[in-house]
Amino acid sequence: MMRALYTSAAGMEAQTYNIDTISNNLANVSTTGFRKNLARFQDQIYQQLSAPGTPVGAAVVPVGQDVGLGVKIASSEKIFTQGTIQETDNPLDVAIEGNGFFQVTLPDGTTAYTRDGSFKRDATGQIVTANGYFLSPNITIPTNATAVQIGSDGTVSATIPAQTAPQTLGQIQLVNFVNPAGLAPYGQNLYQQSGASGAPNISTPGLNGAGTLQGGYTEASNVSVVQEIVNMITAQRAYEASSKGVTTSNEMLQTAVNMKQ
Amino acid sequence: MVRGLYTAATGALVAEANVDTIANNLSNASTAGFKRTLMQIQSFPQTALYRNQTDPGQLPNAYIAGVAAHQSIGTLGSGSYIYDTPTQFDQGALNQTDNPLDIALQGPGFLTVQTGPNQTAFTRAGSLTISAQGVLETTRGEPVLDTQGNTITVNPQNGPVQIDRQGNIVQNAQPGSGQQNTQIAQLGIVEFSDTNLLRAQGGTNFVNAGATASAARQTTVTQGAVESSNANVVRSMVDLISNQRWFEANIKMVQAQDSLTESAISTVGRSSAN
């Protein structure tokens with residue numbers, strides 16, 4: 001049957017994937033620390049009807065004849081631009097200004113990484129994420145602490161009654177990757193190391209390219225609603241355009257079949 | 001004459017059967033765990049054609065040794081037929097339902113279910129329920145088996161059920177009850193060496209017809225989500241258009257053969273009495 005039918009179908013499927021990605025971005029506009037996805041496409045292989053450079057007598061053919069066979073998804077990458085820092089006045093909320101991830105330990109012992117710094121205290125005073133995963137290396141806040149401060153270099157200190165100077169409890173470490181776009185998203189605002197991300201590079205906030213921390217602030221999602229809506233309009237019109245390719249091929253086949261009366 | 005008629009008819013019949021498959025896939029576009037089928041078409045064996053010949057200038061009944069009496073001039077096709085209806089096991093989209101007993105599999109594995117005494121089937125439809133006897137089963141009423149091949153019993157009174165990525169079912173004790181989390185069982189998820197050797201039994205159950213089963217290594221379980229059908233609406237519509245035009249072209253062929261036959265009968269075969 002006509003190649004155009006299947007090529008247009010591939011175009012429609014690619015735009016469906018594009019809309020799926022855009023919808024996910026829009027659904028996560030309010031998610032703390034969310035990084036938006038961008039779908040990228042590539043053209044498929046070309047069917048060569050005649051190769052360029054084929055010798056014809058003493059000369060060669062200057063151009064060839066190729067038919068493209070559609071589009072395919074090249075990648076869906078996470079874009080790691082900085083999100084807006086929002087003040088929350090919750091002393092355990094931390095935002096990263098710059099590069100780096102917090103390290104958390106999952107219940108099965110593996111390590112995950114996150115930009116979501118909305119930490120809480122569990123019943124024993126240990127710092128945990130909203131899902132109850134421990135910050136790694138773990139810091140425990142004494143139960144009798146009246147206030148907690150997190151400095152820009154990650155130092156966590158608490159004010160204990162009957163002590164004039166705040167007690168230093170520990171220092172939050174940040175992790176850098178050579179290729180953060182290669183981290184595998186786990187859901188729950190977490191990422192895991194993959195074969196493409198490189199080895200985790202642990203450092204103190206402010207050193208070795210790691211960002212600094214701001215206590216009492218959280219980092220918002222880096223999704224721009226305006227940009228996503230514009231992308232959605234483009235994707236919808238591209239879908240319609242490909243569907244016209246399908247209907248046109250249909251009509252042309254109908255004409256061909258109706259040549260015999 | 002008549003041979004060409006049957007050849008064209010086989011094409012039209014195959015196109016019709018193709019449309020039936022597409023209709024089945026489309027009607028199951030919302031069925032959880034459904035895997036679409038394709039039809040694979042092959043051409044009928046070709047008929048060999050021969051020409052009777054002798055050396056030019058000889059009488060037909062004066063054969064000379066060494067001169068071929070039947071000359072092969074090639075083959076004539078005689079239509080097409082469906083030789084296989086393979087199931088496509090590509091991953092369906094995950095649909096989040098937040099129902100703790102809904103599980104979706106990501107990867108090539110299958111859940112094992114018991115369909116009768118000593119009979120097992122495999123499925124991807126992970127909408128599970130607990131029966132009145134406390135047995136974990138699918139919505140078809142078939143008990144789900146664990147890695148040892150036994151049915152799984154869950155008492156919902158003991159706390160919320162958690163299923164982790166490896167399929168371990170853990171029942172969390174109610175906070176303040178003083179009880180520990182109990183591991184109930186691990187879901188028996190199997191992967192197959194060759195999924196082409198699985199036979200479909202209804203759209204969502206599959207029976208092993210010769211493949212080697214092994215414990216799951218690349219499959220993860222997601223609790224609170226269901227795997228939707230892998231029927232691709234865009235692809236199905238394009239195949240529908242393609243098959244409709246193919247069907248029409250073959251029907252035109254049948255009509256053409258018919259009009260040739262009619263010419264042969266009414267024009268060529270006209271007797272002087274008419």
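Every chain is numbered from 1 and lettered A, B, ... according to where its sequence line falls, protein lines coming before strand lines. All heavy atoms count here, side chains included; hydrogens, waters and symmetry mates do not.
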Atom CG in A/Asn258, atom CZ in B/Arg245: separation rounded to 0.5 Å?
7.5 Å
One option among B/Asp164, B/Ile251, B/Val234, B/Val233 has the most heavy-atom pairs under 4.5 Å with chain A, and it is B/Val234
Are the side chains of B/Asp239 and A/Tyr6 in contact, using a 4.5 Å heavy-atom criterion?
yes
As an exercise, state the distance from CG of A/Asp108 to CZ of B/Arg165, rounded to the nearest 0.5 Å.
9.0 Å
For residues 7-35 of chain B, which residue pairs pass the salt bridge (charged side-chain N to carboxylate O under 4.0 Å, His left out) check, not counting sequence neighbours?
B/Lys35-B/Glu227
Whether over 12 other heavy atoms sit under 6.0 Å from B/Met237 CE:
no
Minimum heavy-atom separation for A/Leu5 and B/Ser242, please, with both atom names.
CD1-CB, 3.9 Å
Report yes or no: does A/Lys260 contribute a side-chain atom to a donor-acceptor pair with the main-chain N or O of B/Lys252 at less than 3.5 Å?
no
Could you look at B/Ala93 and say if it's the side chain, the backbone, both or neither that has a heavy atom under 4.5 Å from chain A?
neither
Rounded to the nearest 0.5 angstrom, the CE-CG distance for A/Met12 and B/Asn232 is 10.0 Å
Roughly how far, to the nearest 0.5 Å, is the CD atom of B/Gln244 from the CD atom of A/Gln254?
7.5 Å
For chain B, which residues from residues 233-248 of chain A have at least one heavy atom closer than 4.5 Å to it?
A/Tyr239, A/Val246
Flag if over 12 foreign heavy atoms under 6.0 Å of CE, B/Met253
no
